[in-house]
**Q** 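Please read through the structure below; I'll follow up with questions.
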Protein chains: 2
Amino acid sequence: MDPIKTVIPPACCTLNISGVQQKRLINMFKALGNPIRFEIIKFLVTHPGCICGDIVEHLPIAQATVSQHLKVLKDTGWISGIIEGTATCYRLDEKNIAWFRSLIGEIF
Amino acid sequence: MDPIKTVIPPACCTLNISGVQQKRLINMFKALGNPIRFEIIKFLVTHPGCICGDIVEHLPIAQATVSQHLKVLKDTGWISGIIEGTATCYRLDEKNIAWFRSLIGEIF
DNA sequence: TCCGTTAATCGTATATTTACGATAAACAAT
DNA sequence: ATTGTTTATCGTAAATATACGATTAACGGA
């Protein structure tokens, strides 16, 4: 007797990912799933190397809060910051974003 | 006298998006930025049309919680559900995911 | 050395998210 | 009609995220 075969129609995406990579991706999603952080990333596209104060001026929230969001974005790989005297210059983490882009292309 | 020109090096992505589209995208990111919901989406890739109970069996959380996550995924456009008798069959919202994919391709 | 500038961190209040059990609603089968 | 099955929703507890003012730390310039 033939075994029962269930045909699974091909899905619109594979989401073929797991483990550490999946965790990393989820954290990147989560970080960008916040309007303020999304705006910060947008701002960095046009203002690479800007300092925390520039971002504070551009947003309606306090410096401490901006700093906190910058930390989240740094920890999840969206941005990097280099200390320059008393300021910190922030820019997109292009390498990690490239990883994100190619991974999305693979699994979606 | 010449105006000062600041050259902005081309960024690794444009993030050229705003308004309602941006809000929609952010909400999709936020929804997928949760490990449980990510697993649900992965499960639906291989089990299209499955019912809530199938997902409950597959995950270590209560039925009420799964239902709540399904609602979030539905509200953000990741999945759709059609009522079939007393059950509800869930599947990926392929149209919306296609929108997501192409948008990501544009702005990243 | 003593200020002024900048950003990170601390402590904390509030809001949101996540989880659960209990219950309700909707339907199928007997 | 009654019973069983399935899922959504309600109420609520606990955890996490978000925001702020105050403080600290690190550096540059007078």
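Chain naming here is simple, since letters A, B, ... match the order of the sequence lines and numbering starts at 1 in each.
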**Q** Of all residues at least two apart in sequence or in a different chain, which pass the ring-ring contact (aromatic ring centres under 6.0 Å, His included) check with His69(A)?
**A**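 By the ring-ring contact (aromatic ring centres under 6.0 Å, His included) rule, His69(A) matches no residue at all.
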**Q** Between the protein and nucleotides 15-17 of chain D, list every N/O to N/O distance that falls short of 3.5 Å.
**A**
{"residue": "dA17(D)", "atom": "OP1", "partner": "Lys30(A)", "partner atom": "NZ", "Å": "2.6"}

**Q** Measure the shortest side-chain to side-chain distance between His47(A) and Tyr90(A) over non-hydrogen atoms and say whether it is less than 4.5 angstrom.
**A**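 The answer is no, as the side chains (C-beta and beyond) never meet within the 4.5 Å cut-off.
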**Q** Measure across Leu59(B) and Glu39(B) and return the closest heavy-atom pair with its distance rounded to 0.1 Å.
**A**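 The answer is CD2-CB, 4.1 Å.
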**Q** May I ask you to say what Ile83(B) touches in the nucleic acid, namely base, sugar-phosphate or nothing, with a heavy-atom cut-off under 4.0 Å?
**A**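 Nothing, no nucleic acid heavy atom in range.
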**Q** If you compare all heavy atoms of Ile61(A) against all heavy atoms of Thr65(A), which two are closest, and at what distance to 0.1 Å?
**A**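 Result for this residue pair: CD1-CG2, 3.9 Å.
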**Q** Is the shortest side-chain N/O distance from Thr88(A) to OP1 or OP2 of dA8(C) below 4.0 Å?
**A**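 The answer is yes; a side-chain N or O of Thr88(A) sits under 4.0 Å from OP1 or OP2.
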**Q** Whole angstrom is fine here: how far is it from CG in Asp75(B) over to P in dT18(C)?
**A**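 Distance check: Asp75(B) CG to dT18(C) P gives 13 Å.
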**Q** Round to a whole Å and report the spacing from CD1 of Ile55(A) to P of dT6(C).
**A**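 About 14 Å, once rounded to whole Å.
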**Q** Does Met28(A) offer a backbone N or O that forms a donor-acceptor pair with the side chain of Trp78(A) under 3.5 Å?
**A**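 Pair found, side chain donor or acceptor close to backbone of Met28(A).
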**Q** Give the nucleotide from the list dA8(D), dT5(D), dA26(D) with an atom nearest to the side chain of Tyr90(B).
**A**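 Ranking dA8(D), dT5(D), dA26(D) by closest atom to the Tyr90(B) side chain puts dA8(D) first.
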**Q** Can you check the Ile26(B) CD1 to dT18(D) P distance for me, whole Å?
**A**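 To the nearest whole Å, that distance equals 12 Å.
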**Q** Atom CD1 of Ile82(B) to atom C1' of dT7(D): distance rounded to whole Å?
**A**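 Nearest whole value for this atom pair: 15 Å.
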**Q** OP1 or OP2 of dT17(C) versus the side-chain N and O atoms of His69(B): is any pair under 4.0 Å?
**A**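 No, because none of the side-chain N or O atoms of His69(B) sits under 4.0 Å from OP1 or OP2 of dT17(C).
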**Q** Starting from P on dA19(C), measure out to NZ on Lys71(B) and report it in whole angstrom.
**A**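 In whole Å, dA19(C) P lies 17 Å from Lys71(B) NZ.
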**Q** In whole angstrom, what separates Glu39(B)'s CD from dA19(C)'s C1'?
**A**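 My rounded result for the distance is 18 Å.
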**Q** Using atom CG of Asn27(B) as one end and atom C1' of dT16(C) as the other, report the distance to the nearest whole Å.
**A**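 Whole-Å distance recorded here is 14 Å.
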**Q** Rounded to whole Å, please give me the gap between CD1 in Ile51(A) and P in dA26(D).
**A**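 Atom-to-atom, Ile51(A) to dA26(D), this comes out as 19 Å.
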**Q** Which atom names give the shortest non-hydrogen contact between Arg37(B) and Lys30(B), and what distance separates them?
**A**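 Arg37(B) and Lys30(B) have their closest heavy atoms at NH2-O, 3.7 Å.
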**Q** More 5' along DNA chain D: Gly53(B) or Thr86(A), using each one's nearest nucleotide?
**A**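 This one resolves to Gly53(B).
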**Q** Do any N or O atoms of the protein come closer than 3.5 Å to N or O atoms of nucleotides 20-23 of chain C, and which pairs are they?
**A**
{"residue": "dC20(C)", "atom": "OP2", "partner": "Ala62(B)", "partner atom": "N", "Å": "2.8"}
{"residue": "dC20(C)", "atom": "OP2", "partner": "Thr65(B)", "partner atom": "OG1", "Å": "2.9"}

**Q** Would you say that Leu32(A) contacts Thr76(A) through its side chain, given a criterion of any heavy-atom pair below 4.5 Å between the two side chains?
**A**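 Leu32(A) vs Thr76(A): side chains apart.
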**Q** Considering non-hydrogen atoms only, spot the tightest contact between Ile26(B) and Asn34(A) and give its length.
**A**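 Where Ile26(B) meets Asn34(A) most closely, the heavy atoms are CG2-N, 3.9 Å.
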**Q** Shortest non-hydrogen contact from Cys12(B) to Arg101(A)?
**A**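 Heavy atoms of Cys12(B) and Arg101(A) come nearest at O-NH1, 3.0 Å.
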